[in-house]
Protein chains: 2
Amino acid sequence: MPKLGMEPVRRAALVRATIDEIGATGTLDITVSKIAKRAGMSSALAHHYFGGKDQIFLAAMRHTLTVYGREVRAGLAKADGPKARLEAIIRASFTSSNFRRDVIAAWLNFYVLAQSSPPAQRLLSIYQRRLHSNLVHDLRPLIGARAGPAAQRIAGLIDGLYLRQGLARDPDPSDGATRHVLAVLTAELKGNAQ
Amino acid sequence: MPKLGMEPVRRAALVRATIDEIGATGTLDITVSKIAKRAGMSSALAHHYFGGKDQIFLAAMRHTLTVYGREVRAGLAKADGPKARLEAIIRASFTSSNFRRDVIAAWLNFYVLAQSSPPAQRLLSIYQRRLHSNLVHDLRPLIGARAGPAAQRIAGLIDGLYLRQGLARDPDPSDGATRHVLAVLTAELKGNAQ
DNA sequence: ATTTTTATTGATTGACCAGTCAATAAACAT
DNA sequence: ATGTTTATTGACTGGTCAATCAATAAAAAT
């Protein structure tokens, strides 16, 4: 039965199945067999393509980060001027593709893993640095030297609201979180945060 | 050898050992045997007093929450007026006893667990509601109807900065986080966040 | 035609671990 | 003295799971 060129198809299926499985259980305590079954293959094949459980999960997070990065860039492309660009960055963090229950569950487990796994820590740092430098880039022309601290506050607020929303029982539309961050952005631009 | 009245001693030792062990590994993926060894007893005894692994961890989080609550109350007792009280609440979240690596690791794992464990979810809700109502109580006299949304932003910022600090490699003194939250508080009080 | 590469899985191994239980013994109660 | 409660553990059980491997087979290359 072997059709050639299956590798990318299988990898993609495993990545999606991993996020689905994490979303279904909430935990990273899932078995390779379950992921493989969800992706329609044997666990041996999953090992064959990824090598091990950690690498499957890291691939899933790399994918999540790629999707997020794409959304940020898409938003920035349409934005005109620093303020519009800042709003685009903030909105991108709460788009429906990043704000789904399963994706949030993956993020939470990713945070936990980042404490003990250097590759996960590295991946997380990439996300954090990118967000920070994106924010600073567009805050600087508006508030100069205060851009750095302001960016830290906004980034912290994004992560915190993301976390809180992920744990809320009611699936509040991401609107609330977005508006909250925009409100703080406004305050930062008015220079009243000190 | 049995000395009587060991139960509270053993329980306390297990709670402390649990947080230490989580801090050492970063994961909740720890064995009862490891915890028990760290606490100087057999795993059977740990099971005897707590019943199961989940219950040991929940007890550890209940303890953490108790310590945190005590610190909030201690801060509030010394504060005079709404603004000083708000500052006390914020400072309490970042005291050295809550801001230790192992405690933060426990929190992260607690967030993950809260997605799938109703008792953990309940415990987390208690923390969140308490923080929110504490903030609203002292924001209301200062900014009236805007207290609710402002409290959500401040609570989100606290959680987000806590999370970010927990994942940073350099153990930045909690000062930075505290100052950031106080800065946003100032902005909220000036009424410029919308 | 046959060798090599790619795809695929069932079965197995080796390790780990949560939870149980029977057994031991000190303290206390009667 | 005898019985009961509390403390304690070594040993065991049942189950789970990551990772490996040998075996099967289709496609591609020679």
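The basis for the numbers below is simple: all heavy atoms, side chains too, and nothing from hydrogens, waters or symmetry mates. Lettering follows sequence order; numbering is per chain, from 1.
Taking atom NZ of residue B/Lys34 and atom C1' of nucleotide C/dC16, one finds them 11 Å apart after rounding to whole Å. One atom, NE2 of A/His47, and another, C1' of C/dT12, lie 14 Å apart when rounded to the nearest Å. Computed from coordinates, the A/Asp29 CG to C/dC17 C1' distance equals 12 Å when rounded to whole Å. One interatomic measurement links the two molecules: CG of B/Asp54 to P of C/dG19, which rounds to 7 Å at whole-angstrom precision. The distance between atom CG of B/Leu45 and atom P of C/dT20, rounded to the nearest whole Å, is 14 Å. Atoms CG (B/Leu28) and C1' (C/dC17) sit 15 Å apart, rounded to a whole Å. With rounding to whole Å, B/His48 atom NE2 is found 7 Å from D/dA7 atom C1'. For the pair B/Glu7 CD and D/dT6 C1', the interatomic distance rounds to 10 Å; values are reported in whole Å.
Side-chain contact, A/Thr95 with A/Asn98: a donor N or O sits under 3.5 Å from an acceptor N or O.
Using a 4.0 Å heavy-atom distance criterion, A/Ile56 is classed as making no nucleic acid contact. Here A/Ile35 lies out of heavy-atom contact (under 4.0 Å) with every strand. Residue B/Ser42 is classed as a base contact, given a heavy-atom separation below 4.0 Å to a base.
Phosphate proximity of D/dT8 to B/Arg10: present, with a side-chain N or O under 4.0 Å from OP1 or OP2. For the OP1/OP2 pair of D/dT6 and a distance below 4.0 Å, the side-chain nitrogens and oxygens of B/Tyr49 include no atom meeting the criterion.
Ring planes of A/Phe94 and A/Tyr162: tilted class, angle from 30 to 60°.
Proximity note for B/Leu4 (side chain, C-beta onward) versus C/dC17, C/dA27, C/dA7: the nearest is C/dA27. For B/Met6, the listed nucleotide lying nearest its side chain is D/dT8; candidates were D/dT8, C/dT9, D/dG10. When each of D/dC17, C/dT20, D/dT20 is scored by its nearest atom to the side-chain atoms of B/Ala44, the top-ranked nucleotide is C/dT20.
Annotation: A/Tyr127 is in aromatic contact with A/Trp107 [ring centroid separation under 6.0 Å].
Salt bridge status for B/Arg16 with B/Asp20: absent, with no side-chain N to carboxylate O gap under 4.0 Å.
Counting heavy atoms from C-beta on, the side chains of B/Ser133 and B/Val136 never come closer than 4.5 Å.
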